[in-house]
Structures are given as C-alpha cells and as structure tokens.
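Right, one structure below, let's go through it.
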Amino acid sequence: MCSISETPVRYSIYEQSYKSIDNIFNGENIIKLKEEGTLIKNKTIFIEKSANLLKLDKKKPLMSLVLTSKRLPSNYCWEYDSQSLLPIRIVLLNTDIARLSVSCKILSQIGNINSKDNLINLCTHEAHIVRWEAVRALMNIDYVAGFNILQNMVNDKHPEIKKATLKSLEILNSN
C-alpha cells in the first residue's frame, strides 16, 4: 500500500498472536501490535494477506495505491474488537458458499422431496457450513435419510461439525 495523499495518516499493523485455522473460531486468538507509523506520500507499507490487519486514522482522508490479489486468500475473515483486540466473529466472504447455504435453508422450508438428491450431494460439500445446512434441510424433507447422514458426520473433518453432530444426536436420541 502506497499513499498518494499530501496529508500524513497514522496507521497500525496488527497480527494474530498465533497461527489459527481461518474457518474455526477461537475467541482467545488476540491480535497484537506489530508496527505503528505515519503513512506519508510515496511511503509504501506491506501487509501480509491472511496474517496482518491494518488500522488507519479515520479522521483524515487517504488516497492510496494498493496492490492486491483478486483471489481471496480465504473464504472467511475474522472481525476483531478495536478495544480488547479479541476476535468477535468469523465472516463468510465467499458468496457462492453463502448462496448454497441459504439455498439449503430455503429448500428445507419448501420441503419438496425432489430436493432430496441435491441435498444429499451437498452433504459432502467442501465447505462445512454447506454440509451442515444440507443435512439439516435433508432431515426436514426425509428424516431417515438425513439422520443416517447426520450419524456419519461424527467423523467430519471440521471440529465444529463434529461437535454440533454429537450435540444433535444427543438431543434426537433423548426424544
């Protein structure tokens, strides 16, 4: 990033305290200050994708040239509290994954049995959020088929899916 503004702007660059998995929320992964400075005209700063966060003084306008990759480094980004520097939540950036997830929810509400095969296929999708929404929708359309897939999700590669599966099976088996 290179400033082309005449007015200097204060900046801070932060980094995560340790390497985390981008799609698994860890509320203890605090960010720490890496560098502070003043961005002046023609000064270049480097921000490592998926590792650094940039905070700019919002009181002054800034025009800059930014060299970036069009390809997203991740399907997710983390949001941090500006005071505590603790992570608040993970935000899904990939609109295709978001659309598939919402489509599963809609198919669940519609409840059409013709959606069954598509939902079964989505239960093996690479994105954990799509797999989870697909099995939830499938259980609404064909409970037995959905329950059978849910039982297999105890071996899912994503820890949050494993945890949600165990909790769901516990609730379903108690009823």
Side-chain angles (χ1 to χ4, degrees), residues 1 11-34 46-56 58 64 66-112 115-142 145-147 149-172:
M1 175 180 199
Y11 73 89
S12 303
I13 298 176
Y14 295 87
E15 64 185 356
Q16 291 181 334
S17 55
Y18 59 90
K19 183 67 180 153
S20 63
I21 300 170
D22 64 350
N23 68 350
I24 300 173
F25 184 76
N26 179 349
E28 297 174 4
N29 194 6
I30 194 168
I31 55 174
K32 61 183 177 182
L33 183 64
K34 178 181 176 183
F46 298 92
I47 304 149
E48 186 180 345
K49 67 180 180 180
S50 300
N52 298 144
L53 296 122
L54 175 66
K55 180 180 180 182
L56 297 169
K58 296 179 184 176
S64 63
V66 178
L67 180 63
T68 185
S69 170
K70 191 173 183 180
R71 187 177 136 290
L72 291 174
S74 169
N75 291 323
Y76 305 88
C77 76
W78 288 41
E79 287 187 4
Y80 291 86
D81 180 89
S82 62
Q83 300 302 314
S84 70
L85 303 182
L86 286 169
I88 301 169
R89 64 182 174 165
I90 296 176
V91 179
L92 180 60
L93 298 175
N94 186 314
T95 55
D96 292 336
I97 292 172
R99 286 182 188 123
L100 282 172
S101 177
V102 170
S103 295
C104 289
K105 290 177 184 180
I106 292 169
L107 290 173
S108 175
Q109 291 176 2
I110 293 171
N112 188 328
S115 305
K116 179 180 173 181
D117 290 339
N118 290 330
L119 290 169
I120 289 172
N121 288 334
L122 289 172
C123 287
T124 60
H125 194 274
E126 66 182 64
H128 72 284
I129 189 170
V130 174
R131 290 194 304 276
W132 186 250
E133 291 303 333
V135 75
R136 288 179 63 194
L138 184 59
M139 288 186 72
N140 192 44
I141 292 169
D142 182 337
F147 188 79
I149 290 175
L150 180 67
Q151 288 179 309
N152 292 330
M153 289 180 117
V154 294
N155 299 316
D156 194 272
K157 60 187 174 192
H158 197 283
E160 290 175 352
I161 296 293
K162 286 181 184 180
K163 183 178 176 182
T165 298
L166 290 171
K167 183 69 175 170
S168 297
L169 289 171
E170 179 185 318
I171 292 168
L172 292 171

Item to check | Check against side-chain contact (heavy atoms from CB on, under 4.5 Å), Leu150 and Leu172 | outcome: CA-CA 11 Å; Leu150 180 67; Leu172 292 171; 3.7 Å; yes
Checklist entry - Between atom CG of Asn152 and atom OG1 of Thr124, what is the distance when rounded to the nearest 0.5 Å? => result 11.5 Å
Item to check | Partners meeting ring-ring contact (aromatic ring centres under 6.0 Å, His included) with His158 (sequence neighbours left out) | outcome: His128
Checklist entry - Taking the side chain from Arg131 and the backbone from Leu122, do they hold a donor-acceptor pair closer than 3.5 Å? => result no
Checklist entry - So, do Asn140 and Arg136 sit near enough that their side-chain heavy atoms are less than 4.5 Å apart? => result no
Checklist entry - Got Val91 and Arg89 here, is their nearest side-chain heavy-atom distance under 4.5 Å? => result yes
Next on the checklist: Once rounded to the nearest 0.5 Å, what's the spacing between atom CD1 of Ile161 and atom CE of Met153?
Outcome noted: 5.0 Å
Checklist entry - Any side-chain heavy atom of Leu169 within less than 4.5 Å of one from Phe147? => result yes
Next on the checklist: On a heavy-atom basis, which atom in Ile149 and which in Leu138 lie closest, and how many Å separate them?
Outcome noted: CD1-CD2, 3.5 Å
Next on the checklist: How close do Leu119 and Cys104 get, counting heavy atoms only, and between which atoms?
Outcome noted: CD2-SG, 3.9 Å
Checklist entry - Mind checking whether Lys167 and Glu170 have side chains closer than 4.5 Å, heavy atoms only? => result yes
Checklist entry - What distance separates Lys55 NZ from Ile31 CD1, expressed to the nearest 0.5 Å? => result 9.0 Å
Checklist entry - Between Cys123, Ser108, Ser101, which is the residue that forms a side chain to side chain contact (heavy atoms under 4.5 Å, CB included) with Glu133? => result Ser101
Checklist outcome for this item: Between the CE atom in Met1 and the CG atom in Leu67, the distance rounded to the nearest 0.5 Å is 12.0 Å
Checklist entry - Going by heavy atoms in the side chains, are Trp132 and Thr165 under 4.5 Å from each other? => result yes
Item to check | Approximate separation, where rounding is to 0.5 Å, of Phe46 CZ and Leu54 CG | outcome: 13.5 Å
Checklist entry - Checking side-chain contact (heavy atoms from CB on, under 4.5 Å) for the pair Leu85/Lys32: CA distance, chi angles, key distance, verdict? => result CA-CA 7 Å; Leu85 303 182; Lys32 61 183 177 182; over 6 Å; no
Checklist entry - Does the side-chain contact (heavy atoms from CB on, under 4.5 Å) test come out yes or no for Ile110 and Ser115, once each step is laid out? => result CA-CA 9 Å; Ile110 293 171; Ser115 305; 5.9 Å; no
Item to check | side-chain contact (heavy atoms from CB on, under 4.5 Å) evaluation trace for Leu93 with Asn75 | outcome: CA-CA 5 Å; Leu93 298 175; Asn75 291 323; 5.9 Å; no
Checklist outcome for this item: The reported gap from CG in Asn52 to NZ in Lys34 (rounded to nearest 0.5 angstrom) is 4.0 Å
